[in-house]
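Encoded as structure tokens, the structure appears first; notes follow it.
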Amino acid sequence: QMQLVESGGGSVQAGGPLTLSCAASGRTFSSYVLGWFRQAPGKEREFVASISWGGESTYYADSVKGRFTMSRDNAKNTVYLQMNNLKSEDTAVYYCAADGTTAQDMATMAPARYSGMDYWGKGTLVAVSS
């Protein structure tokens with residue numbers, strides 16, 4: 001089993017920055033691809049970013065490219081999502097997920113398959129006010 005715990009969410013004004021963290025415990029962290037997903041009220045969960053096992057490759061949703069940066073520190077069993085120039089449409093609960101797939105596959109995975117991923121955190125709320 002792997003436990004994922006997100007932190008760093010909160011309220012921020014549009015245009016501001018925020019950094020989320022996801023700490024993992026239990027299984028070999030470096031063996032898993034990690035991803036960030038988000039779900040806004042009344043909307044389907046959507047992919048935000050993913051990162052390969054060693055951190056060499058990252059993938060982003062078009063809506064966050066150039067504004068969000070995902071990174072991982074395998075020594076600390078933690079992944080991060082640095083979010084800049086936040087917009088009101090970024091308001092959502094952000095979830096961390098771990099899976100044995102590839103980072104590219106996680107980026108292109110159909111939403112119907114999300115529930116089949118190996119591990120999910122419980123989420124952290126990001127609220128962006130304009």
Side-chain angles (χ1 to χ4, degrees):
Q1 287 290 328
M2 176 183 283
Q3 291 77 43
L4 300 172
V5 179
E6 303 94 338
S7 61
S11 297
V12 62
Q13 285 197 326
L18 201 64
T19 299
L20 304 182
S21 301
C22 173
S25 62
R27 297 295 294 264
T28 306
F29 180 74
S30 58
S31 299
Y32 288 85
V33 165
L34 275 294
W36 286 99
F37 294 76
R38 67 187 182 185
Q39 188 164 15
K43 293 191 175 180
E44 197 174 50
R45 191 169 297 191
E46 63 177 4
F47 168 80
V48 175
S50 60
I51 191 165
S52 58
W53 303 282
E56 302 89 355
S57 300
T58 51
Y59 297 85
Y60 298 94
D62 288 342
S63 59
V64 306
K65 274 180 187 175
R67 300 188 298 122
F68 290 12
T69 302
M70 185 174 184
S71 61
R72 69 189 292 167
D73 185 338
N74 286 344
K76 295 183 178 180
N77 286 2
T78 302
V79 291
Y80 305 94
L81 184 68
Q82 181 178 345
M83 305 183 292
N84 294 319
N85 191 20
L86 282 161
K87 304 176 181 180
S88 56
E89 52 262 43
D90 294 319
T91 294
V93 177
Y94 284 71
Y95 297 91
C96 179
D99 196 69
T101 185
T102 66
Q104 186 174 16
D105 283 348
M106 185 179 281
T108 57
M109 187 181 293
R113 291 180 55 202
Y114 289 170
S115 61
M117 283 204 278
D118 291 337
Y119 303 103
W120 284 94
K122 293 185 177 181
T124 186
L125 176 64
V126 173
V128 183
S129 58
S130 56

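Counting from 1, the numbers follow the sequence of the chain as shown.
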Quiz item: Can you tell me if Thr78 uses its side chain to pair, donor with acceptor, with the backbone of Lys76 under 3.5 Å?
Solution: yes
Quiz item: If only atom types and distance count, is the side chain of Tyr60 paired as donor or acceptor with the main-chain N or O of Met70 below 3.5 Å?
Solution: yes
Quiz item: Which heavy-atom pair separates Phe37 from Ala97 by the least distance, and what is that distance?
Solution: CE1-CB, 4.0 Å
Exercise. Search all heavy atoms of Ala40 against all heavy atoms of Thr91 and return the closest pair with its distance.
Key: CB-O, 3.6 Å
Quiz item: Is there a donor-acceptor pair under 3.5 Å between the side chain of Asn74 and the backbone N or O of Trp53?
Solution: yes
Practice problem: Measure from the side-chain N and O atoms of Asn77 to the backbone N and O of Ala23, and report whether any donor-acceptor pair falls under 3.5 Å. | Solution: no
Exercise. For Ser50 and Gly35, indicate whether the former's side chain and the latter's backbone hold a donor-acceptor pair under 3.5 Å.
Key: no
Self-check item: Glu44 side-chain N/O to Gln39 backbone N/O, donor-acceptor pair under 3.5 Å
Solution: no
Practice problem: Drop me the distance from Leu18's CG to Ser11's OG, to the nearest 0.5 angstrom. | Solution: 9.0 Å
Quiz item: Is there a donor-acceptor contact under 3.5 Å from the side chain of Thr124 to the main chain of Gly9?
Solution: yes
Self-check item: Distance, nearest 0.5 Å, that separates CD of Glu6 from OH of Tyr94
Solution: 12.5 Å
Quiz item: What do you reckon, are the aromatic ring centroids of Trp36 and Phe68 less than 6.0 Å apart?
Solution: no
Exercise. Would you give the length of the straight line joining atom CG of Leu86 to atom OG of Ser130, rounded to the nearest 0.5 angstrom?
Key: 12.5 Å
Practice problem: Provide the closest heavy-atom pair for Ile51 versus Val33 in the form atom of the first, atom of the second, distance. | Solution: O-CG1, 3.4 Å
Quiz item: If you group Ile, Leu, Val, Met, Phe, Trp and Tyr by side-chain heavy-atom gaps below 4.5 Å, do Phe47 and Val126 land in one group?
Solution: no
Quiz item: Just by distance, do the side chain of Ser52 and the backbone of Ser57 share a donor-acceptor pair under 3.5 Å?
Solution: yes
Exercise. For residues Tyr119 and Tyr32, determine if any side-chain heavy atom of one lies less than 4.5 Å from a side-chain heavy atom of the other.
Key: yes
Quiz item: Between Thr102 (side chain) and Asp105 (backbone), is there a donor-acceptor pair under 3.5 Å?
Solution: yes
Quiz item: Does Glu46 pair with Arg38 as a salt bridge, N-O distance under 4.0 Å?
Solution: yes
Practice problem: Please determine if Asp90 and Lys87 form a salt bridge, counting it only when a charged side-chain N lies under 4.0 Å from a carboxylate O. | Solution: no
Practice problem: For residues Leu4 and Cys96, report the shortest heavy-atom separation together with the two atoms involved. | Solution: CD1-O, 3.7 Å
Quiz prompt | Inter-residue atom distance Glu89.CD - Lys43.NZ, 0.5 Å rounding | solution = 8.5 Å
Quiz item: Should the pair Arg72 and Phe29 be classed as cation-pi, given the thresholds of under 6.0 Å to the six-membered ring centre and 45° from the axis?
Solution: yes
